[in-house]
Amino acid sequence: MDIGTAIKEIRIRSLLSQADFAHEIGVSFSTVNRWENGKAVPGFKTLKKIKEFCCANGIDFNVDKYISE
């Protein structure tokens, strides 16, 4: 699974829109949209924020899997 698909699954599992998820992790809606469509990938700081979001919401997210991409 690529990072965009993983982010989309996290967002959907959290019952959040792209805009709401973006707000939760401190990025813009368009950034989340680009990730989910494979046009961009999150940087290390953002991956950390996504991991923190997942930990706080009981969602398994193995960030190490995506660092090498």
Using the salt bridge (Lys or Arg N to Asp or Glu O under 4.0 Å) rule, collect all pairs that involve residues 40-56, keeping only residues at least two apart or in two chains.
none
Checking side-chain contact (heavy atoms from CB on, under 4.5 Å) for the pair Val63/Phe61: CA distance, chi angles, key distance, verdict?
CA-CA 6 Å; Val63 70; Phe61 177 62; 3.8 Å; yes
Kindly compute the distance separating NZ (Lys65) from CE (Met1), expressed to the nearest 0.5 Å.
5.5 Å
Rounded to the nearest 0.5 Å, what's the gap from CZ on Arg13 to SG on Cys54? Could you check?
8.5 Å
Step by step, work out the side-chain contact (heavy atoms from CB on, under 4.5 Å) result for Ile7 and Ile50.
CA-CA 8 Å; Ile7 290 170; Ile50 293 169; 3.9 Å; yes
Measure the CD-CD distance between Glu36 and Glu9 for me, rounded to the nearest 0.5 Å.
10.0 Å
Taken to the nearest 0.5 Å, the spacing of Asn37 CG from Ser30 OG works out to 11.5 Å
side-chain contact (heavy atoms from CB on, under 4.5 Å) between Asp20 and Phe29, worked out:
CA-CA 8 Å; Asp20 291 337; Phe29 152 80; over 6 Å; no
With a 3.5 Å distance limit and no angle check, can you tell me whether Thr31 reaches the backbone of Val27 through a side-chain donor-acceptor pair?
no
Ring centres of Phe53 and Phe21 under 6.0 Å apart?
yes
Would you find a donor on one side and an acceptor on the other, under 3.5 Å apart, between the side chain of Arg11 and the backbone of Leu16?
yes
Using side-chain heavy atoms (C-beta onward) and a distance below 4.5 Å, is Asn57 in contact with Ile10?
no
Distance in Å, Asp60 CG paired with Asn62 CG, rounded so as to fall on 0.5 Å steps
7.0 Å
